Amino acid sequence: MGLYPFETIEKKWQATWKEKKVFKTEEEKGNKKIFILEMFPYPSGNLHMGHVRNYTIGDVVARYHRMKSYNVLHPMGWDAFGMPAENAAIKYGVHPYEWTVKNIENMKRQLNSLGISYDWDREVATCFPDYYKWNQWLFLQFYKKGLVYKKKSKVNWCPECKTVLANEQAEEGRCWRCKSEVELKELEQWFFKITDYSDELVKDLDILRGWPQKVKVMQRNWIGLSEGVMIKFKLSEKVEGYKDDFIEVFTTRSDTLGGATFMVVSAEHPIVKNILDSKNNEELIEFLKDYEKEKIQNRFTVGVNDKKGVSLGITVVNPLTNEDIQVFASNYVLMSYGTGAVMGVPAHDARDFDFAKEKNLPIKYVIKPEDKDTCDESSVYEDEGIVVNSPHISGLKSSDAKKKIVEMFQEEKIAKFTKQIRLRDWLISRQRYWGTPIPIVYCEKCGIVPLNENDLPVILPTNVEFTGTGGSPLSNIDEFVNVKCPICGSNAKRETDTMDTFVDSSWYYLRFCDPKNETEPFSKDKAKYWMSVDQYIGGVEHAVLHLLYSRFFVKVLRDLGFLEIDEPFSNLLTQGMVLKDGEKMSKSKGNVIDPEEILATYGADTARLFILFAAPPEKDLEWSEQGVEGAHRFLSRVWRLFHDNIDIIKDTKALVLDDLTKDEVDIYKKLNKTLLKAGNDIEDKFHFNTSIAALMEFTNEFSFSLRNKKIRPELVKKIFETFTIILSVFAPHMCEEIWSEMGNNDLISSQNWPEVDTNYLEDDICVIAIQINGKLRDKIMVEKDQTEDVIEDMVMSSLRVKKFIEGKDVLKKIYVKNKIFNIVVK
RNA sequence: GCCGGGGUGGCGAAAUGGCAGACGCAACGGACUUAAAAUCCGUCGGGCAUCCCCCGUGUGGGUUCGAGUCCCACCCCCGGCACCA
């Protein structure tokens, strides 16, 4: 297949770009800035096709904007801390440091062999002290601000990774990395107080107009902010040992309070234990046993269980109706949300309805649809409407009733508006070695003491043994653990947990603005100039992890005075997956395509072109060897076309456009149309596939013209120049070679994007489709912009039109200028 | 169940309410060749009486001179969330 010498060409230009620092970021020129960023990879050792797609997309955007005279910041780095390095150490005895550095080296080579235009002078790797020092520094700033705390709680423990996980990292009860089942352990851990920002994290989703709806919805759901009312239900009689004389519930539907005919608390609600202590309730004991069993079985399996429950033998008073209602313990109320107790409104909540049916409890309808006179009592009605059958609030709309309820009861402190959030604070400590040491010591006298900023960095010791058996390896290194307290000088012990690697990636884009800064994580000025990231590109799998943490970081850093922006990424493109045979590539399925092999067989330009052409970037892409060959064929065709004509264009003069022949005008117009479309499609929605299709179309036509028509060398040269510049954002190596063979001494990568010659853009002839009753019947070629009368005469004199309207009445004629003429007949 | 995104040739995909299927892949026919590969030219939604006409963008309705595109109802696929009160 090797039709053009891509091996030599690609190496040659990669070396030239590197040597001449062609992609070095310039801040000085007065141009507009643009920050284009692809999610930096974990240095696993090899790029996979997902990376290739991600970085190719970003590269086209970067190259295009460079040609459009933007100051482009397009950096790359390494998310270099994390488990695989440590696992490799345990398994093969390689130090994580060596393993990681070697992997970085290889992946950097691979990225360069793809011709991605990075400014490598800004490279960062999170595992080096010059980076993680600032993790520690930021930790201390967060600490001072009261956004870091240590707490003992039940946390997600991954037995495989031997470390704890944040909530959002335990996906459906499984570890996000290794997929093993998570256990709950009671441990003391460090947290970032991300919940302090939950309101803003939700609210600001609205300003992220350049984010996919999908991602915003996922974040909104994850944060799970809901506004409702807390209502206290008085206990009819005191429960021994229970702290209050009421049970409080959270509801978003306080308008249905009148329909609350029972109350349900979680099996884990404290009052359950009190009742168990004071009364011997066989049924309850039995239920709790079952509940525990079920919980272990279904602990993390998803799905809705049958609703079970048992009466606690107590009643509370519905504050609106003053009726005594029974209280149940059940398996369907979550202790972790709201107060762990809910009011049971079977008429207007499907879950309560199920439970009421099960227990034969009264069902009282208190909401009717606004457009009906009565309630539909055949099933649950969960929508809002008009309140009926309820003291004080009957006749009110749901929204008004909610307000009235709070008004009525706030004085007695029975009801108040509140917000509930599902989001939990971010657990950031990890019992692992290969991460950023947490800059805290435990002093015998002073307790928890944060280090001083000038004691940073806390260097990760290298003389470590990796046994893989429990506990952080750091805790075994005495010279690391034993320190003096920075306050009182007494003996102290260092924190041996390290930070979640998502801390590293929460601010790396800021470091890219100022990667060599030795006195601060980044300078305010530089961050002000470059931020926010104008285009962020990566996989959707980070929708609620990395992207949420980063948003949180930016808001905190803004409040600390380091930033003036509210959001880190103004535009986000989540690219689709690369599939083979309709499935995600994976070792177990044996359907992995190694980028390295594709590069060796077809070259980088082909790989890039195929990946960009096969589907628009946001859609999944089906890998096709034949498609790759097609891309290669196209490049070969361009290569051949150029070399078939190189002799005639080599020493031509500059083009003078005044006396072009019709054939020349035709092809020159086509060039300008192609240029316009290619640029628009890149800019609009990154629809590179249609951009490339336009280039292919042009190539077909140009090749036809060169064979069958007379086009003067000056124009041929001009066309090759323009065409090659456009193509170069997709296939930079081959175009660089053609550019140089054309006799240019500069680089195509440094050219400006060509201007569209609007004098040669519009056709003066157009084709008008003639429809009769909306069906295509004929076409006519006419000069553009003629009057309707002239067109009508031509249309009506068409033989085909005559044939179709013969014997019928013409009711109406519609003319859309230069496009279509529709005749309505009967 | 809820939320989001989709259903267009054999396949990947194109189409500001105005000629459905651009571009590519596969397939088929032809040229070149002793032959093959490569390359080049052509055909390529279905039906059919093959320069004609009919049907055709998940299904059924609607709006419109005109609907893949807008509206209503439904079916199916993919992704996310899932007893969140």
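Note on naming: letters A, B, ... go to the chains in the order of the sequence lines (proteins, then strands), and numbering restarts at 1 for each one. The structure displayed is predicted, hence computed values, not measured ones.
Looking only at atom types and distance, the side chain of S703(A) has a donor-acceptor partner in the side chain of R707(A) under 3.5 Å away. Using modelled atom types and a 3.5 Å distance limit, the side chains of S691(A) and D681(A) yield no donor-acceptor pair. Between the side chains of S226(A) and Y337(A), at least one donor-acceptor pair of N or O atoms lies under 3.5 Å. Side-chain contact, D349(A) with Y381(A): no donor N or O sits under 3.5 Å from an acceptor N or O.
Separation of the P atoms belonging to A13(B) and C19(B) is 23 Å when rounded to the nearest angstrom. A distance of about 13 Å separates the P atoms of G5(B) and C71(B), rounded to the whole Å. Going from the P atom of G24(B) to that of G17(B) covers 26 Å, rounded to whole Å. Nucleotides C72(B) and A85(B) are separated by 27 Å at their P atoms, to the nearest Å. For the C1' atom pair drawn from U57(B) and A14(B), the interatomic distance equals 12 Å after rounding to whole Å. On the P atoms, G4(B) is 26 Å away from G68(B), given to the nearest whole Å. Taking the P atom of each, A31(B) and A36(B) are spaced 11 Å apart, rounded to whole Å. Nucleotides G9(B) and A20(B), compared at atom C1', are 11 Å apart to the nearest Å.
The distance between atom CD1 of I770(A) and atom C1' of G18(B), rounded to the nearest whole Å, is 14 Å. Rounded to a whole Å, the CH2 atom of W623(A) is 14 Å from the C1' atom of C25(B). Between the P atom of C40(B) and the CG atom of L706(A) lies a distance of 14 Å, rounded to the nearest Å. Atom CD in E697(A) sits roughly 8 Å away from atom P in G24(B) (whole-Å rounding).
Between the base of C19(B) and the side chain of K779(A) there is a donor-acceptor pair shorter than 3.5 Å. The base of C65(B) sits within donor-acceptor range of the side chain of N822(A), with an N or O pair under 3.5 Å. Side-chain N/O atoms of K813(A) and base N/O atoms of C65(B) include no donor-acceptor pair closer than 3.5 Å.
None of Y291(A), F353(A), F355(A) except one satisfies the ring-ring contact (aromatic ring centres under 6.0 Å, His included) rule with Y332(A); the exception is F355(A).
In this structure, N700(A) reaches the sugar-phosphate backbone alone: every heavy-atom distance under 4.0 Å involves primed, P, OP1 or OP2 atoms, never a base. Using a 4.0 Å heavy-atom cutoff across all strands shown, F821(A) reaches no nucleic acid atom at all. Among the protein residues, S226(A) comes within range of the sugar-phosphate backbone only, with heavy atoms under 4.0 Å from sugar or phosphate atoms but none that close to a base.
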Side chains of residues 605-623 of chain A: which donor-acceptor pairs under 3.5 Å do they make with residues two or more places apart or in other chains?
from, atom 1, to, atom 2, distance (Å)
D605(A), OD1, H733(A), N, 3.3
D605(A), OD1, H733(A), ND1, 2.8
D605(A), OD2, H733(A), N, 3.4
D605(A), OD2, M734(A), N, 2.8
T606(A), OG1, Y602(A), O, 3.1
T606(A), OG1, H632(A), ND1, 2.7
R608(A), NE, F730(A), O, 2.8
R608(A), NH1, D59(A), OD2, 2.8
R608(A), NH1, L114(A), O, 3.1
R608(A), NH1, G115(A), O, 3.2
R608(A), NH2, D59(A), OD2, 2.8
R608(A), NH2, V729(A), O, 3.1
E618(A), OE2, H687(A), NE2, 3.4
D620(A), OD1, M577(A), N, 2.8
E622(A), OE1, G582(A), N, 2.9
E622(A), OE2, D581(A), N, 2.7

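Of the side-chain N and O atoms in R777(A), one or more sit less than 4.0 angstrom from OP1 or OP2 of C54(B). Considering only side-chain N and O atoms, R800(A) lies under 4.0 angstrom from the phosphate OP1 or OP2 of C53(B). Within the 4.0 Å cut-off from OP1 or OP2 of C81(B), not a single side-chain nitrogen or oxygen of R220(A) is found.
Remark: F642(A) pairs with F720(A) by the ring-ring contact (aromatic ring centres under 6.0 Å, His included) rule, at least two apart or across chains.
Residue Y332(A) places its side chain closer to C83(B) than to any other of C52(B), C83(B), G4(B). Of the candidates A26(B), C19(B), A85(B), A26(B) carries the atom nearest the R633(A) side chain, counting heavy atoms from C-beta on.
For RNA chain B, if you chain together Watson-Crick or G-U pairs that step i with j, i+1 with j-1 and so on, the runs of at least three with distances under 3.5 Å are B:1-7 with B:75-81, B:10-12 with B:23-25, B:27-31 with B:39-43, B:45-47 with B:53-55, B:58-62 with B:70-74.
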